[in-house]
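Right, one structure below, let's go through it.
First listed ligand is number 1; within each ligand, the first listed atom is number 1. This chain uses plain numbering: 1 for the first residue, then up along the sequence.
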Amino acid sequence: MESSILGKVSQLVRDIHCCNSCLGRQFGNLLSGLSNAKRGEALKILLLMDWENNYRLLTIDPPDSSSLLSKDFNIGSLSIQRFFPETQPVDLPCDICQDVLSSHKLKTLTTDALKALDEYEFSTFLVGSQFPPSIIDKEDTIRGTYNLEFGESIKSEFNREIGKRLQDQINYALVEFKAPDVVLTFDLINDQIKIKSNPLFILGRYRKFKRGIPQSKWFCRKCHGKGCKYCNFSGKMYQESVEEFISKPILSAAKGRASKFHGSGREDIDARMLGSGRPFVLEISEPKKRNLNFKLLERKINENAAGKVEIEIEGLTNRTKVRELKTRSSRNAKGYRVIISLKTPLKLGESESLSIEDEFSDLLIQQRTPLRVAHRRADKVRSRRINSFRIEKIEPHQLTVYIVCEGGLYVKELISGDEGRTQPNLSERLNITAEVTQLDVIEVFDDKNSL
Ligand SMILES: [Zn+2]
Ligand SMILES: [Zn+2]
């Protein structure tokens, strides 16, 4: 087996009609700072010089290789024509790449890609490709046959070459591998360019001033969104939701396909969300616009939802933040103001009141899944801590308390006791049937405003 490069190359170009890129790529991992087309050209030049040297000394036949007469190698036909005037360039596609790597094809694909990208805003991109298996197999076979160890894959050459050409045209955007805004896939099997626009993640906080509005869109329980008599053909259980107030204007501004609302926990439908608000991330899938005017959107949303919901947009974030909201932040402490109605009148002296505050502060509560959600959640015991418990106002039939506790604590059950399923609970402590009549989330504590 021939081991010198020149030996391998002269066999290869005799057997296979290959373009400069495909020849150079077989040695693509040797040297740096030049393209495979340059590598291939250099090798062909060397072979050609070797031939001319021998021709002049020994008057041999023209070289037995169509690769030296390929369309992208004028030097070949021009040089050989000096001795064999009837020599013509060989107008055949490259045996390996079928001319996919020809400068003409790369240029056409770049133009097509720019056209396809026209409606997208992005600042980072990545190029990928799908090649016909026949091309990949052919190259593998050649590598084996000629014992070529330093070749680069055709995909990686193609992606790089197209990436370079695109980069030259799009000077505002950069190639990025980790989290590009858009991924272009050149499907060379079906001759298509596919664009995948990665989602936008928008971080904000919302406040909810009106009771009776759910956090997320709630599909009709009868028709599951199709629209029926029961839901007045809206497909929804509630006409409005925090999610819809926020997502509609943003989705349309971003020209996205769909949106997903991720809240850092959720308040009950009948609870208000006050204070500095609850963090959320709105995910927009397949956005076409990314340079959104958040101030304007914020104003639009707040005007439209006036008196019900108000938001503040902090800016763009990423998927990691969503996971954080779902896990860590959902257990972050929350502050609640709770109005409790008492079945029988309560007399609570100052020292007794102080002692209850003390008992319920820094206390671990064990809660079996509440009866009201038992139909949709597994029956488990959940432990959550109360950080502080303050009695704000005592009236004979009503108590107002301020509770700061770990996220996920069922506050209503902490008060009622939920037929003994929550322990300890306020009802039992007071020995009075107590129910929450109003609940407001006053604060959601996170990194920005911690306890
Ligand atoms: Zn080729
Ligand atoms: Zn319905």
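The Zn ion (ligand 1) has an N, O or S atom of Cys19 inside 2.8 Å of it. At least one N, O or S atom of Cys231 sits under 2.8 Å from the Zn ion (ligand 2).
Taking the six-membered ring for Trp and thresholds of 30 and 60 degrees, Phe280 and Phe261 have nearly parallel ring planes, at less than 30 degrees apart.
Angle SG(Cys94) to the Zn ion (ligand 1) to SG(Cys97): 110° [nearest 10 degrees]. Considering the Zn ion (ligand 2) as centre, the angle to SG of Cys220 and to SG of Cys223 is 100° (10° rounding).
In this structure, Lys164 places its NZ atom where more than 12 heavy-atom neighbours from other residues, nucleotides or ligands lie under 6.0 Å away.
For the pair Arg165 (side chain) and Glu161 (backbone), a donor-acceptor distance under 3.5 Å is present.
Proximity of the aromatic rings of Phe84 and Tyr55 is defined here by a centroid distance below 6.0 angstrom, and this criterion is met.
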